Enquirer: 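Take a look at this one; I'll ask things after.
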2 protein chains.
Amino acid sequence: MATLKQVAALADVPILTAYQALSGSAAVPQAQRQSVLAAAEQLGYTLHVTIKDVAALAGVSIATVSYALNNSAPVSAATRQRVLEAAAALNYRPNVNGRTLQANKTRLVGYGWHDVKRGSSASFLDRFTYWMAQAVESYGYHVLTFAHSEESPTDAYRELIQTNRVDGFILAHTNRNDVRIRYLMEARVPFAAFGRANDRWDFPYVDVDGRRGVELVTEHLIELGHTRIALIGWPEGSLSGDARVQGYFDALDAAALPVHSAWVRRAENSSAAAAAAAAELMALPSALRPTAIACVSDLMAIGVMNYLNSRGIRVGYDVAVSGFDDEPIAELVHPPLTTLRQPVDDLAAQVVALLMAELERIPAPQRQILVAPQLIVRASTDPKRQLP
Amino acid sequence: MATLKQVAALADVPILTAYQALSGSAAVPQAQRQSVLAAAEQLGYTLHVTIKDVAALAGVSIATVSYALNNSAPVSAATRQRVLEAAAALNYRPNVNGRTLQANKTRLVGYGWHDVKRGSSASFLDRFTYWMAQAVESYGYHVLTFAHSEESPTDAYRELIQTNRVDGFILAHTNRNDVRIRYLMEARVPFAAFGRANDRWDFPYVDVDGRRGVELVTEHLIELGHTRIALIGWPEGSLSGDARVQGYFDALDAAALPVHSAWVRRAENSSAAAAAAAAELMALPSALRPTAIACVSDLMAIGVMNYLNSRGIRVGYDVAVSGFDDEPIAELVHPPLTTLRQPVDDLAAQVVALLMAELERIPAPQRQILVAPQLIVRASTDPKRQLP
DNA sequence: GAACACACGTGAAACGTTTCAGAAGGTGAC
DNA sequence: GTCACCTTCTGAAACGTTTCACGTGTGTTC
């Protein structure tokens with residue numbers, strides 16, 4: 001590809017004029033305009049301002065332009081000025097790909113989706129994605145999102161890193177024996193995760209402090225005077241699930257309240273399963289029947305509410321119900337649901353900070369971070385907030 | 001950076017052996033391994049297989065390797081074989097950045113988010129993103145997602161295209177006078193949109209046929225025997241909103257049913273506004289009071305349901321209610337909501353196809369596409385589906 | 001006035017790929 | 001035996017940037 005300088009020379013006009021004629025950024029006498037266009041046509045030139053053009057206009061070498069623009073080496077004030085002006089006049093923007101190739105750093109962070117099943121509670125993740133992109137950009141990076149199958153997710157990760165598409169990864173939706181984490185650790189690829197795996201693996205992650213969250217909501221229920229408080233958790237075995245259950249015990253212990261084993265039910269993360277668990281709780285003898293039910297997800301809380309409603313039990317008055325996640329739906333159900341909100345912007349910023357530490361090979365002060373969720377009190381636990 | 005060949009020469013071993021020693025992909029005698037590691041250390045070499053290494057191992061030039069691997073020029077069967085074997089043995093993966101620079105094509109598609117307000121109905125968009133990524137990858141592209149402010153979104157788009165970060169864009173969440181569309185059209189940047197703007201602008205888009213959707217649900221209500229059918233739409237002026245309202249009129253006209261002006265209400269897209277509109281409808285004299293209310297979004301339908309519930313009017317029995325979008329919540333509310341599902345995978349695939357046509361400068365057979373949504377019947381309109 | 005240090009710039013190489021233009025060698029026709 | 005023409009391969013340039021190693025010119029010091 002010809003340079004702007006060559007076009008200008010052929011048309012016998014200054015470089016700047018050639019640029020203006022081609023870009024339309026300023027008016028140029030018709031005659032000159034014509035000859036510039038003809039020259040460009042002849043050379044097969046399409047407008048692409050590069051560092052060479054800036055150098056030619058400023059009358060310096062490309063090295064000097066690079067130094068002046070990046071402040072990467074001392075340049076006299078006068079030349080710097082000329083370079084900056086030339087760059088501005090030509091509306092020069094460095095081509096990232098040149099930089100990428102030379103530095104062997106893409107400044108791109110990979111983020112993989114797997115298909116979100118309909119109805120699964122993922123409305124949170126798109127907000128996470130937004131804030132992640134935001135945070136990443138504040139470091140001059142961008143996010144490359146890709147789709148991967150749920151069966152062999154590592155293929156996509158391997159391909160992206162081996163072809164130098166990305167510098168590192170951010171993971172969400174981790175699980176206990178996450179093959180992606182195992183692969184990335186082994187291949188020594190920089191990454192940071194939103195979510196834990198298991199405590200044998202040492203890798204950078206940020207997670208919601210589910211234990212603290214359920215503790216918060218349980219304390220809230222205790223304050224309201226409840227003494228028979230039930231919990232519907234997930235089946236044992238998941239790190240975050242077990243942590244949430246632990247928060248329940250911690251709060252009851254701290255308040256020296258009795259815990260009855262019948263009050264702790266386990267169910268899959270679905271509204272139907274939670275409804276069934278609620279039915280069992282309500283079937284307990286009245287002395288044992290709980291007056292409050294804490295759930296480890298909004299989805300489950302809604303199942304419980306549906307069950308109670310269908311039995312004529314008034315949520316918020318007769319039985320308090322709480323969730324976890326603060327999904328958009330939590331505000332809309334009837335009555336609105338008390339729940340725990342994950343500070344998604346904060347989480348995203350922190351996980352990105354962890355990744356940046358990995359990328360720059362700076363040992364982070366803390367590689368594992370837990371963020372406490374925020375208790376959002378609504379009418380499902382607090383009758384005073386019930387609509388008139 | 002030194003090449004694998006140089007390391008091998010220094011260590012006085014075959015290239016393949018050097019690779020195996022460094023990568024651990026195959027066992028290598030301890031003595032050779034040591035000398036390879038020493039050689040790599042001395043040259044400051046870290047394992048990065050490039051086309052040069054493949055060429056050296058296959059004993060051909062890098063040009064030949066490129067031709068053989070890409071089938072971009074005739075190569076004799078024997079050499080092709082040797083090249084392929086060498087590439088496989090070294091686990092060679094071309095560095096995209098080299099290719100990018102040379103071709104001046106990034107094979108990256110930009111996709112911008114703006115912050116999704118809490119509770120706004122965006123759970124659909126993350127599924128769109130997934131399917132978009134999937135579709136884009138089938139063309140060998142990837143998606144670069146970025147965050148942009150709602151005030152001046154064009155800055156982000158301009159920056160990405162001017163720095164050669166991306167080849168084109170996919171837009172979602174378009175609006176009537178979308179500045180992004182205007183900019184991209186003017187700057188002749190390839191893009192395709194999910195959503196329309198206004199009919200003066202000619203650009204490639206895919207959109208849900210909202211008119212047909214509301215027509216479908218209205219026909220469904222008519223079939224069920226309703227004759228007094230109301231509609232709660234958005235304030236006049238939005239392309240997609242007006243189209244949805246039109247579908248209502250079309251269905252009633254086709255069935256020769258009367259339309260009463262009091263039955264068509266306008267409200268903002270919120271559950272509260274929709275509840276208020278429902279209250280007005282229910283306050284009509286009984287001869288005029290509708291027995292079915294179609295809404296142009298699930299969010300509004302839920303507001304209507306909440307209102308009816310609170311007044312003791314049984315949704316599905318006394319008054320039918322329908323929504324639009326099939327948000328996850330639609331299945332969970334009580335009773336489950338009849339609504340219209342947007343075929344998100346199909347939409348994503350089609351918008352990507354449009355963009356690819358733009359990128360390859362192939363004139364697409366059709367640049368504007370409407371996709372009919374699918375009617376999902378649940379208990380909110382069909383009492384037979386009511387839970388026991 | 002020679003020797004040196006320093007400030008400022010520059011030419012050229014490098015990153016990894018594709019691709020152009022042409023070299024080498026073989027084959028067939030006359 | 002010469003020529004032309006394939007087929008198969010290669011050297012080198014190109015993409016746009018950063019950066020290394022080295023000029024050049026000026027001023028300072030003795």
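In what follows, chains carry the letters A, B, and so on, assigned in the order in which the sequence lines appear, proteins first and then strands, with residues in each chain numbered from 1. Note that the structure is predicted; figures quoted are calculated from it, not measured.
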Enquirer: Round to the nearest Å and state the distance from Arg107(A) atom CZ to dT18(D) atom P.
Expert: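 Whole-Å distance recorded here is 12 Å.
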
Enquirer: I need the CZ-C1' distance between Arg99(B) and dC15(C), as an integer number of Å.
Expert: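 So the two atoms are 16 Å apart, to the nearest Å.
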
Enquirer: Looking at the side chain of Ser61(B), which of dT17(D), dG11(D), dG16(C) is the nearest nucleotide?
Expert: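 Of the options given, the side chain of Ser61(B) lies nearest dG11(D).
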
Enquirer: For His48(B) and dA14(C), give me the distance from atom NE2 to atom C1', rounded to whole Å.
Expert: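 In whole Å, dA14(C) C1' lies 15 Å from His48(B) NE2.
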
Enquirer: Given ring-ring contact (aromatic ring centres under 6.0 Å, His included), test Tyr157(A) with Tyr183(A) step by step and report yes or no.
Expert: CA-CA 9 Å; Tyr157(A) 288 84; Tyr183(A) 165 69; 7.6 Å; no

Enquirer: Provide, to the nearest angstrom, the distance between the CG atom belonging to Leu4(A) and the C1' atom belonging to dG16(D).
Expert: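 Answer to the nearest Å: 15 Å.
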
Enquirer: For nucleotides 19-28 of chain C, print each protein N/O atom paired with a nucleotide N/O atom at under 3.5 Å, atom names and distance only.
Expert:
from    : atom 1 : to       : atom 2 : distance (Å)
dC20(C) : N4     : Tyr67(B) : OH     : 2.7

Enquirer: Kindly write out the residues that satisfy side chain to side chain donor-acceptor pair (under 3.5 Å) with Thr163(B), not counting sequence neighbours, or none if the list is empty.
Expert: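 None.
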
Enquirer: Under the ring-ring contact (aromatic ring centres under 6.0 Å, His included) definition, can you give me all pairs with a residue in residues 87-112 of chain B, not counting sequence neighbours?
Expert: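 Qualifying pairs: Tyr111(B)-Trp113(B).
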
Enquirer: Just call it for Val60(A): base, sugar-phosphate, or nothing, with non-hydrogen atoms closer than 4.0 Å on any strand.
Expert: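 Sugar-phosphate only.
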
Enquirer: So what is the end-to-end bend of the helix from dG1(C)-dC30(D) to dC30(C)-dG1(D), with 5 pairs used at each end and the value given to 10 degrees?
Expert: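 Comparing the axis at each end, I get an angle of 70°.
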
Enquirer: Does any pair with a residue in residues 40-58 of chain B pass side-chain hydrogen bond (donor to acceptor under 3.5 Å, both in side chains), and if so which ones, sequence neighbours excluded?
Expert: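 Passing the test, one end in residues 40-58 of chain B: no pairs.
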
Enquirer: To the nearest Å, how far apart are Asn164(B) CG and dG16(D) P?
Expert: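 Whole-Å distance recorded here is 8 Å.
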
Enquirer: Return the set of residues passing salt bridge (charged side-chain N to carboxylate O under 4.0 Å, His left out) with Arg93(A) (not counting sequence neighbours), or none when no residue passes.
Expert: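 With sequence neighbours excluded, Arg93(A) shows a salt bridge (charged side-chain N to carboxylate O under 4.0 Å, His left out) to Glu159(B), given in chain and number order.
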
Enquirer: Can you name the side chain to side chain donor-acceptor pair (under 3.5 Å) partners of Asn91(B), sequence neighbours left out?
Expert: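 Checked Asn91(B) against side chain to side chain donor-acceptor pair (under 3.5 Å); zero matches.
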
Enquirer: Rounding to an integer number of Å, can you tell me how far Arg165(B) CZ sits from dT17(D) C1'?
Expert: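 Rounding to the nearest Å, CZ of Arg165(B) and C1' of dT17(D) are 13 Å apart.
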
Enquirer: Using a heavy-atom cut-off of 4.0 Å across all strands, would you classify Asn95(B) as base, sugar-phosphate, or nothing?
Expert: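 Sugar-phosphate only.
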
Enquirer: For Asn97(B) and dT18(C), give me the distance from atom CG to atom C1', rounded to whole Å.
Expert: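 One finds 14 Å between C1' of dT18(C) and CG of Asn97(B), rounded.
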
Enquirer: Quick one: Asn104(A) CG to dA13(C) C1', roughly how many Å, whole number?
Expert: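 Taking CG of Asn104(A) and C1' of dA13(C), I get 17 Å after rounding.
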
Enquirer: What side-chain hydrogen bond (donor to acceptor under 3.5 Å, both in side chains) pairs are there with at least one residue in residues 10-26 of chain B, not counting sequence neighbours?
Expert: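 Residue pairs passing side-chain hydrogen bond (donor to acceptor under 3.5 Å, both in side chains), neighbours aside: Ser23(B)-Ser25(B).
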
Enquirer: Hey, can you pull the residues of residues 74-83 of chain A with a non-hydrogen atom under 4.0 angstrom from DNA chain C?
Expert: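 Here the set is Val75(A), Ser76(A), Thr79(A).
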
Enquirer: Quick one: side chains of residues 78-88 of chain B, donor-acceptor pairs under 3.5 Å with protein atoms, not counting sequence neighbours, listed by atom name and distance.
Expert:
from     : atom 1 : to       : atom 2 : distance (Å)
Thr79(B) : OG1    : Ser76(B) : O      : 3.0
Thr79(B) : OG1    : Ser76(B) : OG     : 2.5
Arg80(B) : NH2    : Asn71(B) : OD1    : 2.8
Gln81(B) : NE2    : Glu85(B) : OE2    : 2.8
Arg82(B) : NH1    : Ala58(B) : O      : 2.7

Enquirer: With a cut-off of 3.5 Å and sequence neighbours excluded, list every side-chain donor-acceptor pair involving residues 26-35 of chain A.
Expert:
from     : atom 1 : to       : atom 2 : distance (Å)
Ser35(A) : OG     : Gln32(A) : O      : 3.0

Enquirer: For Val179(A) and Pro153(A), work out which heavy atoms get closest and say how close.
Expert: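 Minimum heavy-atom contact is CG2-CG, 3.8 Å.
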
Enquirer: Please list, chain by chain and in numerical order, all residues satisfying side chain to side chain donor-acceptor pair (under 3.5 Å) with Ser138(A), sequence neighbours excluded.
Expert: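 Ser138(A) satisfies side chain to side chain donor-acceptor pair (under 3.5 Å) with no other residue.
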
